[in-house]
Amino acid sequence: ITSSRYFPDPLSFRSLQARTGLIISGSNALQFLDRTFYHESDLDIYSHAGHVYEVLEWIESFGYHFEPHKYQEKDWHDQVSPDWDGTMPRMPRVPLQAQDEARLSRYSNIAEVYTFKRLVVMDGEQVELQVQVIEAVNNPIDTIMRYHSTCVMNIITFDAAYSFYPIATFEDRSALKIPGSRHRPAVLAKYIKRGWRVYSVFGPRDLARPYDSSFLPNVTRWVGDRHCWTIPLDTSGVKLRTALSPSSEHFSWDPSTQNGWTMLTKPSTHSESSFSEPKMDADLIMTTIFRYNYMVPTKSLSLAIREWAFSQGALYHETVTRDDWTWFDAEMPRFREFIEGAT
């Protein structure tokens, strides 16, 4: 698997993924699914809030050194706290400095990026490997769904690889640009040079026969649904996550698999155009009774979870402290079954 190039113990890395929900995306996930190799690419891994300290310590233990950006502390330990309190209300991060505000306005769904580098010898040549840990504001899937185009909407969890738009990406070699992604033009140009045909709006075929479109406009989607290309991975030797607390029900699935979205069609921002452009639509679930944040594709599901979470949260906040907290993430797939069965 792709992590073996960067870490001498890939099973240890996948065990880290299993217990933290860490995922691989970007060029490396695309390369893995496409059976290609880009010499210039680095490894992009996406972390949930509250797991960053553990992830950075693990990376540093394999000989990587932190390369701070100009706005970061020289030692990441001075910036990242090992103490994360998921029982506190979860609000988007507030920029503290002018350069921080400018940076976050470009990537509003990314809390921070930590870059690590390591020199190794491969095939007799010295190579510098780079790993970037992207801390998501909400969750990794929300971050990835706001990226520049559909061809990079692929992930690798501890137990599977997923492509969200596999027919478009790997059969048609096409991609749809996501408006408002705020990525520099050079990023999109890189994928055009690698052979992808990029559309700025839906084509006539997509709108005339939307259910035959490889971009699946206006279709409710979930990570791992029948429209995804899913490759199960052998988990032999991978240490799975344990229960989040003594009173929490155990679950072994990756939190990313409980996320969904709809690619809506909306009028193009170019007033003279009669074609539509995509808009990624989902409701964020950020509640203190779930360890992780989720995004769901339907209002009915979002409302049901919020109503239930409000009642559960009131009970727990008046009854126990964080030391005795119960996490209810195991209920997520049951909510999906309940709402989908009712409709």
Is the distance between the ring centroids of [Y] and [X] under 6.0 Å?
| X | Y | result |
| --- | --- | --- |
| Trp58 | Phe13 | yes |
| Trp308 | Phe328 | yes |
| Trp327 | Phe290 | no |
| Trp261 | Phe164 | yes |
| Phe66 | His77 | no |

Taking all non-hydrogen atoms of both residues into account, name the closest pair between [X] and [Y] and its distance.
| X | Y | answer |
| --- | --- | --- |
| Gly26 | Asp44 | CA-OD2, 4.2 Å |
| Met263 | Met280 | CE-CE, 3.5 Å |
| Ser174 | Tyr199 | CB-CE1, 3.9 Å |
| Val238 | Ala18 | CG1-CB, 4.1 Å |
| Arg306 | Asp283 | NH2-CB, 4.1 Å |
| Ser214 | Asp172 | OG-OD2, 3.4 Å |

Quiz question: by atom type and distance under 3.5 Å, do the side chains of [X] and [Y] form a donor-acceptor pair?
| X | Y | result |
| --- | --- | --- |
| Ser81 | Asp83 | no |
| Glu60 | Trp76 | yes |
| Thr115 | Gln132 | yes |
| Ser311 | Tyr316 | no |
| Asn259 | Asn139 | yes |
| Ser276 | Thr265 | no |
| Thr157 | Arg14 | no |
| His317 | Thr288 | yes |
| Arg209 | Tyr211 | no |
| Gln72 | Glu112 | yes |
| Thr235 | Asp159 | no |

Hey, is [X] close enough to [Y] for a salt bridge, meaning N to O under 4.0 Å?
| X | Y | answer |
| --- | --- | --- |
| Glu331 | Arg334 | yes |
| Arg118 | Glu128 | no |
| Arg19 | Glu54 | yes |
| Asp212 | Arg205 | no |

Path from [X] to [Y] over hydrophobic side-chain contacts below 4.5 Å:
| X | Y | result |
| --- | --- | --- |
| Ile305 | Trp222 | yes |
| Leu11 | Leu240 | yes |
| Ile45 | Met153 | yes |
| Ile141 | Phe158 | no |
| Val131 | Leu129 | yes |

Got more than 12 heavy atoms from elsewhere within 6.0 Å of [atom1], [X]?
| X | atom1 | result |
| --- | --- | --- |
| Phe310 | CZ | no |
| Met122 | CE | yes |
| Leu284 | CG | yes |

Given side chains that start at C-beta, do those of [X] and [Y] come closer than 4.5 Å, heavy atoms only?
| X | Y | result |
| --- | --- | --- |
| Ile134 | Tyr114 | no |
| Val137 | Thr143 | no |
| Glu73 | Val80 | no |
| His65 | Glu67 | yes |

Legend entry - Residue of the set Met332, Met286, Gln258, His51 for which side-chain contact (heavy atoms from CB on, under 4.5 Å) holds with Tyr292: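 Only match with Tyr292 under side-chain contact (heavy atoms from CB on, under 4.5 Å): His51.
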Flag, side chain of [X] to backbone of [Y], donor-acceptor distance under 3.5 Å:
| X | Y | result |
| --- | --- | --- |
| His148 | Leu188 | no |
| Ser245 | Trp325 | yes |
| Ser248 | Leu244 | no |
| Gln17 | Ile156 | yes |
| Thr20 | Leu16 | yes |

Inset, instruction - Measure the acute angle between the ring planes of His69 and Tyr71, then classify it against the limits of 30° and 60° as parallel, tilted or perpendicular. - result: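 Parallel: the ring planes of His69 and Tyr71 meet at under 30°.
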Legend entry - Geometric cation-pi criterion, Arg197 with Tyr191: 6.0 Å, 45°: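 Ring-cation test returns no.
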Inset, instruction - Establish, for the pair Arg336 and Phe338, whether the NZ or CZ atom is under 6.0 angstrom from the six-membered ring centre and no further than 45 degrees off its axis. - result: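 No, a cation-pi geometry is absent between Arg336 and Phe338.
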Inset, instruction - Only one of Asp34, Asn154, Thr150 passes side-chain hydrogen bond (donor to acceptor under 3.5 Å, both in side chains) with Ser163; say which it is. - result: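 Single side-chain hydrogen bond (donor to acceptor under 3.5 Å, both in side chains) partner of Ser163 among Asp34, Asn154, Thr150: Asn154.
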Inset, instruction - Go through Asp281 and Thr262 one step at a time and tell me if the side chain to side chain donor-acceptor pair (under 3.5 Å) criterion holds. - result: CA-CA 5 Å; Asp281 184 63; Thr262 306; 5.3 Å; no
Inset, instruction - Show your working on ring-ring contact (aromatic ring centres under 6.0 Å, His included) between Phe7 and Tyr64 and close with a plain yes or no. - result: CA-CA 10 Å; Phe7 306 116; Tyr64 281 88; 5.8 Å; yes
Inset, instruction - Mind checking salt bridge (charged side-chain N to carboxylate O under 4.0 Å, His left out) for Asp85 and listing every partner two or more places apart, or none if nothing turns up? - result: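 Arg322.
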Legend entry - Residues which pass salt bridge (charged side-chain N to carboxylate O under 4.0 Å, His left out) with Lys74, listed by chain and number, not counting sequence neighbours: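 None.
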Inset, instruction - Go through the steps to decide whether Tyr294 and Asp329 satisfy the test side chain to side chain donor-acceptor pair (under 3.5 Å), and finish with yes or no. - result: CA-CA 10 Å; Tyr294 300 92; Asp329 296 66; 2.6 Å; yes
